[in-house]
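In this text, all values refer to a predicted model and were calculated from it rather than measured experimentally. Lettering follows sequence order; numbering is per chain, from 1.
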Amino acid sequence: MAEPQDGADERSEPQLLGERREKLERLRGAGIEPFPAEFAGRVEIAAVHAAHDGLEAGEETEDAYRVAGRIAARRGHGKAAFIDLVDASGRLQLHSRADVLGAEVHERLAGLDLGDIVGVDGVAFATRRGELSLQVTGWTLLAKSLRPPPDKFHGLEDTELRYRHRELDLIANPESRELFRKRGATIAATREWLDAEGFVEVETPVLQPLYGGALARPFTTHHNALDRDLYLRIATELYLKRCVVGGIDRVYELGKDFRNEGVSYKHNPEFTMLEWYEAYADYSDAARRHENLVAHVAERVLGTTTVERGGVEIDLAPPWRRVTLRDAIRERTGVDVLEHPTREALAAAMDSEASPDDGWGKLVDGLLSKEVEPHLIQPTFVIDYPVETSPFAKRHRSEDGLVERWEAYVGGFEISNAYSELNDPDEQRRRFAEQAEELRRGDDEAQPFDQTYIEALEYGMPPTAGVGLGIDRLVMLLTGAASLREVVLFPAMRE
RNA sequence: GCCCCCGUAGCUCAACUGGCUAGAGCAGUCGGUUUUUACCCGAAAGGUUGAGAGUUCAAGUCUCUCCGGGGGCACCA
């Protein structure tokens, strides 16, 4: 659906827009400024409720309040009217009376449109039905609304409109406002926990000369003055480990990564990622931190560590289950991937056919995501991965061909990925070389060779654990959202 | 990229097996209504049925193409 331009729009809904335009001009004609600059001294609607929610039906007070918000509903009664006013903290009923305000002022207030933003002075009372209200003693138009708001009762249900015009979703659907409040609280609680644990928050480049730190296709852009192509980062990993080399022993970054890939219920081309690195720690230490962090955040945001998903209760309280990747796959498929250590042997043992391009590591990864992941509902660390698909993870201290890596799964999807970081520069050089070979063979998600990063490691990086946690997916989990696009304010859409 | 489903008034929805001038609620307009609450009553208005082509005496309904969205598969976090 093409987005109507203003001109076309005026043609397609001339009546509704025209009426509001006329009202605007009438207000100006009456000497009323429809977009004044300020409205000082208002309190939040929640404060009025907090002070008077115990009021008996019919009870009046002498307590005056100044509030402001959007007109959400109106019930006219001739010489009186009820108006529902909404601000970020809640909803409050206003009562306008001709005999209090004078006929003209009352009628002008009652004649405002749904969606208009007003400031109101009024006195608290409770109606006969017992609803806390303000008897309006004065009002000011703060912003005229020139477009009709969504349905006051049904809200805005059309998914496309909700994503493309999130402001309308937020106006019409209180649960949407609540979800994004929880998202904000999740990010705040995450920072709070990391800060309290002594981690230093840093900001590394979004525009990078060379992308890396994950296996993904990047977005490319161009810097005119420098006349060079730059990549939008796919991860913060390599820069953060350079910070560890530099002596920031506990470091994290929370921000957007960009991957030039498909969109799905759990993928958006830009997404919010937390990565943290801790020197003198390994992946087991990181797992303990991770389960504590998530439980802390859940407690802060929801007041509980239990969430529901698909009718199943999930408990995020530590400790989480730990299972090796080998056991997780064996449980589900009966195939012991370590008993079939070559591509050919494993492909022969699998029920499903293997893609001819995939090596042993990718086959194992396929078994994990297809056979195991959907069943990992309760929080689970899947540990010890094939080296092929983990170019930055340290070789397992006792298992050949594996690395010290885990991924955290909850609710049937992955939320995090972590490892004991590879800090041997020579081995890192060999891993880069392997990835560069993959790139040459046409795997456009392989990791390009990063000489600068090798040199950083050559100065010496302490043993370090690193974690990447997908914030959008964590918010999905905490809010029960079915899709990542529900927890991203403005998800990527076609033009 | 592939498969399935969907697109009707500003919003939420109707319209039988293809059949009369595409209906209703909310919102909006006009009139009435001084404690209502999805307020109520009356009147008038509001549509290129996502776009285009085709089949047919007749298309919102059937066919094709395109656009957009949702769900699934594949890939990824």
*Whole Å only: how far is the CD1 atom of A/Ile171 from the C1' atom of B/U12?*
17 Å
*Those residues of residues 472-486 of chain A lying under 4.0 Å from RNA chain B by at least one heavy atom*: A/Arg473, A/Arg485
Check the interface with nucleotides 35-38 of chain B: list each N/O to N/O pair with the protein under 3.5 Å, or write none.
from	atom 1	to	atom 2	distance (Å)
B/U35	O2'	A/Arg128	NE	3.0
B/U35	O2'	A/Arg128	NH1	3.1
B/U35	O2	A/Arg128	N	3.0
B/U36	OP2	A/Arg129	NE	3.4
B/U36	O2	A/Arg75	NE	2.5
B/U36	N3	A/Gln93	OE1	2.8
B/U36	N3	A/Gln93	NE2	3.0
B/U36	O4	A/Gln93	OE1	3.3
B/U36	O4	A/Gln93	NE2	2.1
B/U36	O4	A/Thr127	OG1	3.3
B/U37	OP2	A/Arg129	NH1	2.8
B/U37	OP2	A/Arg129	NH2	2.6
B/U37	O2	A/Glu131	OE1	3.1
B/U37	N3	A/Glu131	OE1	2.6

*Separation of the P atoms in B/G18 and B/U63, to the nearest angstrom*: 10 Å
_Centroid separation A/Tyr283 to A/Tyr385 less than 6.0 Å_ = no
*Go through the structure and list residues passing side-chain hydrogen bond (donor to acceptor under 3.5 Å, both in side chains) with A/Arg321, not counting sequence neighbours.*
A/Glu331
*Is A/Arg166 close enough and on-axis enough to A/Phe490, meaning under 6.0 Å and within 45°, for cation-pi?*
no
Each nucleotide N or O in nucleotides 41-46 of chain B that has a protein N or O under 3.5 Å away: list the pair and distance.
from	atom 1	to	atom 2	distance (Å)
B/G46	O4'	A/Gln15	OE1	3.3

*Do we count A/Phe271 as stacking onto B/A77 if the rule is ring centres under 5.5 Å and planes under 30°?*
yes
*With A/Glu25, which of A/Arg21, A/Lys23, A/Arg28 fulfils salt bridge (charged side-chain N to carboxylate O under 4.0 Å, His left out)?*
A/Arg28
*With a non-hydrogen cut-off below 4.0 angstrom, is A/Leu215 in contact with a base, only sugar-phosphate, or nothing?*
sugar-phosphate
_Please list all pairs meeting salt bridge (charged side-chain N to carboxylate O under 4.0 Å, His left out) that have one or both residues in residues 49-58 of chain A, counting only residues at least two apart or in different chains._
none
*Partners of A/Ser416 by side-chain hydrogen bond (donor to acceptor under 3.5 Å, both in side chains), sequence neighbours excluded?*
A/His290
